[in-house]
Amino acid sequence: MPAPKIKYDLHLHTCESDGVLSPEALVDRAILNQVDCIAITDHDTTNGVLAAQNHIIAQQYPLRCIAGVEISTQWRSHEIHVVGLNVDLNSDALQTLLTAQRQQRQDRAEKIGAKLDRNGLTNSFAKAQAIAKGAVSRPHFAQLLIQEGAVDSMEKAFKRYLSQKGCAYVASDWVLLESAIVAIQAANGVAVLAHPFRYRLNTASVKRLIRDFKLAGGNGIEVGQGRQSQNEFQLLTRLAREFELSASQGSDFHALSDHSDVGRCLQIPDHLTPIWQHWTQ
Ligand code: AMP
Ligand code: MN
Ligand code: MN
Ligand code: MN
C-alpha cells in the first residue's frame, strides 16, 4: 500500500499582514482541515511564524510549520510576489530587506491615506493603522472604505480606489526580484514565484518572467493554488518542467470564505519535483 500523502499548504496569511486569523487560529484551522505541513507567508514579515510554532508545541498538534514570507518585488515595472520557504528567521540579510520593505509599506500607506482624504474620507491613514496589526497594506484601506460606506466590497475598493487605475493608487519602490531571491537564499530558504498568472501578464510575458526568475537562481513556482482552472494548472505544470523548477502548492489563504480555506484542493503532479524536497531530505 502506498504511504498516505502528506497534506501541504505553503502559502498562508495571518493578521501579521493582511490575513484575518491570528497565527494560533490559523494553526487551529489547519488542524481542523487535517493539514500536515503549513508555511506562514505574510507580506514582508515573518512575525507570525514563532507564535504559530509555539502554539503547535503547546497543543502537541501533529503539524509542521515552515517559516516563510511573501516579498513584494519589482520586475520590469510589474509587481511580482516571491515566496520564501524554510527561511532562517534570524538571518540579517533577510530581516534587513524585510524591515526596508515594511518602511516602504508605511510610507506608501501615508500617501494613500492623504489621497483618500482628498477623495472624501477623513483621517484615513490613522484609521487604517488602527485596523492593521502590522504594516498597513491596501486591504486594510479596502476594509476602511467598506466601513465608511464608500464601497460595498473589497473588489470595488480596489477597482475604484486602490488598484493601479484607482484614484488613491500610490506606486511602491519594492526591492528587485533578484534581490528578494538573494535574501531568501542567504537565509537558507528556497525562493518560489507566487501565483504566476495573477499579474495580468499575457502568457508570453509570464514565460519571460519565469525565465528571468530561473536565471536569477529561483527554486520553484506555485503550481497548485486551489482555486484555479485546469488549463492554468496544466500550463504551470509544463512551465515548471520546461524551466526545471520545483513545484509548490499553497492556497494564499487570507480569510475564510465559500471559496477559500486552509489546505483546500491543493495538489501538484507526481512527476514534478516538490518544493518540500529541499527540506525533507
Ligand atoms: P499590498 O501588498 O498592500 O499592495 O496589497 C496587495 C494585497 O491586496 C494582495 O496580497 C491581496 O491580498 C489583496 N488584493 C489585491 N487585489 C485585490 C482585489 N482586487 N480584491 C481584493 N483583494 C485584493
Ligand atoms: Mn495579501
Ligand atoms: Mn501574492
Ligand atoms: Mn499571498
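Order of appearance sets the numbers: ligands from 1, and atoms from 1 within every ligand. When reading the values below, keep in mind they use all heavy atoms of this one structure, side chains included, and skip hydrogens, waters and symmetry mates.
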Can you list the atoms of ligand 1 that are under 4.0 Å from a heavy atom of [X]?
{"X": "S137", "result": "3 (O)"}
{"X": "P139", "result": "5 (O), 7 (C), 8 (O), 13 (C)"}
{"X": "H43", "result": "10 (O)"}

*Angle class for the H43/H13 ring planes (parallel below 30°, perpendicular above 60°, tilted otherwise)?*
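H43 and H13: parallel rings.
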*Got a donor-acceptor contact below 3.5 angstrom from the T73 side chain to the I80 backbone?*
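Flag set: sc T73 to bb I80 pair under 3.5 Å.
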*asked:* Could you check whether any side-chain N or O of T41 sits under 3.5 Å from a backbone N or O of L12, counting only pairs where one atom can act as donor and the other as acceptor?
replied: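 Indeed, once roles are kept as given, a pair shorter than 3.5 Å links the two residues.
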Looking only at N/O atoms, are [X] and ligand 1 under 3.5 Å apart anywhere?
{"X": "R138", "value": "yes"}
{"X": "H254", "value": "yes"}
{"X": "E155", "value": "yes"}
{"X": "W174", "value": "no"}

With a cut-off of 6.0 Å (strictly less than), are more than 12 heavy atoms of other residues, nucleotides or ligands near [atom1] of [X]?
{"X": "Q60", "atom1": "CD", "answer": "no"}
{"X": "K7", "atom1": "NZ", "answer": "yes"}
{"X": "R102", "atom1": "CZ", "answer": "yes"}
{"X": "N123", "atom1": "CG", "answer": "yes"}

*Sorted by chain and residue number, which protein N/O/S atoms are under 2.8 Å from the Mn ion (ligand 4)?*
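Protein N/O/S atoms under 2.8 Å of the Mn ion (ligand 4): H11 NE2, H13 NE2, E70 OE1, D252 OD1.
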_Please determine whether any non-hydrogen atom of R108 lies less than 4.0 Å from an atom of ligand 1._
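Right, R108 reaches ligand 1.
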*Compute the minimum heavy-atom distance from K159 to ligand 1 and say whether it is under 4.0 Å.*
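So K159 does not count as touching ligand 1.
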*Restricting to N/O/S, name the atom of D18 that gets closest to the Mn ion (ligand 2).*
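The atom in question is OD2.
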*Identify, for atom 14 (N) of ligand 1, the protein heavy atom at the shortest distance, and state residue, atom and that distance.*
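Checked against all protein heavy atoms, atom 14 (N) of ligand 1 sits closest to F158 CZ, 3.4 Å.
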